[in-house]
Structure formats: C-alpha cells, structure tokens
Amino acid sequence: MGEKNRVTIDKDLKDLIPRYLENRNKDIIKIKEALAQNDIKKIGVVGHQLAGNAGSYGFDQLGNIGKRMENAANAQNIEEITKCLQEIESYMQNLEVIFE
Amino acid sequence: MSLRDKICLLIDDDDDFRMIVRRILENLGMSVKEASTVHIAFKIIENWIPHLIILDLNLDKVDGFTFIEQKNANPKIANIPIVVCSAHSLKKNVLKVTQLGASGFIAKPIKQSLLIQKIRQVLRSKEVESYIFRDSDNTVINIKTKSDLVKINENFCVLTSGVKFNEPIKIQIESNLFKKFDINCNAIESIGPSRILNPGEYETTFTMLGISDKSAQNIRTLRNNWINNEG
C-alpha cells in the first residue's frame, strides 16, 4: 500500500463521486480484458475518456495518466499501457477524497 | 442574464462527462437532455428544440463535425448555438468547428467556471427578448435585443448585436440611447451583409434615414460626449 493520494473535490459533486469511482474500477477491468485480447483501440478509448472526464471532476493526476495511456495506445506501446494501468490501480487503491 | 429554464442538449458518449456537466447546468437552473450519439440527438431535436447544444467531437459512428454540418443544413435548427467540449483541442479542430459555425470551444477536462462563462456569453449574444411574425405576405419581425453603438454620424451608424443581416433591409429602430439624446430617426437601413466579429456577434452598418436638422445636431452632441469621455 502506497502513500495516500489526497484529492480535494467540490462538495457539490459529493453524491456523484461513488458512481464515478466505481466506473474507474470498471475501467481497470476493461483495460485488463482489452490487453488480454490485444484490443489496443479499446484501451485508447478508455484513456481518451479518462483524460477528458477525470480532470473535470478534480482528479487531475488520474486524467494525466489517462492521456498518457491514450497516447501509448495510439503508439501501440504495450509497455507504457501496462505502466499506466499499474499507476491507475495504485491511484485508486490509495485515493482519499476530501470534499470542500 | 439568467440561465434559468434555458434548455441544453448535451451530446457526448462519455456517461461520466455527461453526469458532471448535467450537474453544473442543473445547478444554474437549466434543463438538460442527453444524447450519447448523433442519431439520438437528432431524435431528441425532432420534438424539443434546445437553446444550446454542448457537443463532443469524438463520438461513435457519426462524429461531432458531421453533426454540426447536418444541423446547419436544417433551417429549423441551423441557428441553435453549439459549444464544443472536446479533448481533441488541436488548433486545426478548433479552427474547423469555428468555420462550421460553432459558438465556442472548450478543451476537456473542463473548468466549471469557464464552461459557465462561455454558456452565458453564447446565450447572451443570442438573447432576443421578443419576436412577432405577422402573416407571410407582409412579414414583420419585432426584435428587442441588446446592441452596442460603435460609430455614428449624421448619415451612418455602426451597431454590434446578435442579429445578423444578410442583405440590405430597412428597419425601424427604438433606442434608449437615441431617446436620451433626442435623436429621432424614422428608420435605418442596413448596408450589405453584417460582418461576423465572433460566432453570434455581428457588426452592421446602417444608413440613417429621415434625420432632421435637430436630430443631426443631437448626433453631433452624442459624438462629442463620446469623444470627451474617451479622452
């Protein structure tokens, strides 16, 4: 278990966050399945959406990882995709959301 | 301006992005309809005309560029303003959507304050407080809208507004500024098509018609006031 990721989120979004984070855990499963099937295009789509939505909620670092994953998928760089997947998993495991 | 009860159609294939934008817009009092594809969006528009469309470019099957082209080709909905929200924020994409007539481009991830600011700006420029169409043989349009005076002399005036003139047309004008300076102008006539300043913002030059000597004098007073205030 790594150091906690403390992220401050607008309290107006509090009721949206559980569903949002649940969907990110589903993304992890999607990416793993896509890697197993060598469906790099699907990984690019997940990365692209993550790049667009994560920062919109306030999860900037997660969005940056998504962007890197999208770029890695476009470049067919499996090593980088795998690295990004590990970072997403670590981020989600160590995430602590503070509402203000 | 109040956004309350304005209606927005949100077209994006990302459920989570639609969720947060819906929250932002509903907090402003806006009503929101959602579509994950262009096909669904047009189905919604058949029954329900929004004041504004927020559009992603990277959609499944039919992309956002094509949506804008298809919307523009339908005279009933061509004037609905579009704000594009996309992670594909390359200069060429911004240029392309602007050329297609989109009213704004916001790069994802969005900042709530920037989205709200852009929506207010776009809807303000489209604000027409009332319009009345009479019979088609003698069509009269009565529009009340905000307008800025750019230049004026006894013969011409230049106004910016959300109204675009495509050809010369004579209109009657009621202006609080003209009333203040006792400028009686029977009508003004647009000279040629309006110049596009920004999407939804147009500059039009008009000939002043039926100006009396007294009103001409008052125009000179207005100009002097203007020059002195700017000096």
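All of these numbers come straight from a predicted model, not from anything done at the bench. All chains are named by letter (A, B, ...) in the order of the sequence lines, taking the proteins before the strands, and each is independently numbered beginning at 1.
For B:Asn58, the part sitting under 4.5 Å from any heavy atom of chain A is the side chain, from C-beta outward, and nothing else. For A:Asp10, the part lying near chain B is the side chain, with the backbone staying farther off; criterion is any non-hydrogen pair under 4.5 Å. Residue contact with chain B, scored on non-hydrogen atoms closer than 4.5 Å, involves the side chain of A:Asp15 exclusively.
Taking A:Gly55, A:Gly52, A:Ala54, A:Gly58 one by one and counting their heavy-atom pairs under 4.5 Å with chain B, the maximum is reached by A:Gly52. When each of B:Asp12, B:Ile110, B:Ile20 is scored by its heavy-atom pairs under 4.5 Å with chain A, the top score falls to B:Ile20.
Salt-bridge check for A:Lys67 with A:Glu70: passed, with a basic side-chain N closer than 4.0 Å to an acidic carboxylate O. Salt bridge status for A:Lys26 with A:Glu22: present, with a side-chain N to carboxylate O gap under 4.0 Å. With salt bridges taken as basic N to acidic carboxylate O contacts below 4.0 Å, one links B:Glu34 and B:Arg18.
Counting non-hydrogen atoms of other residues, nucleotides and ligands closer than 6.0 Å to CD of A:Glu96 gives a total above 12.
At least one side-chain heavy atom of A:Ile98 sits under 4.5 Å from a side-chain heavy atom of A:Arg6.
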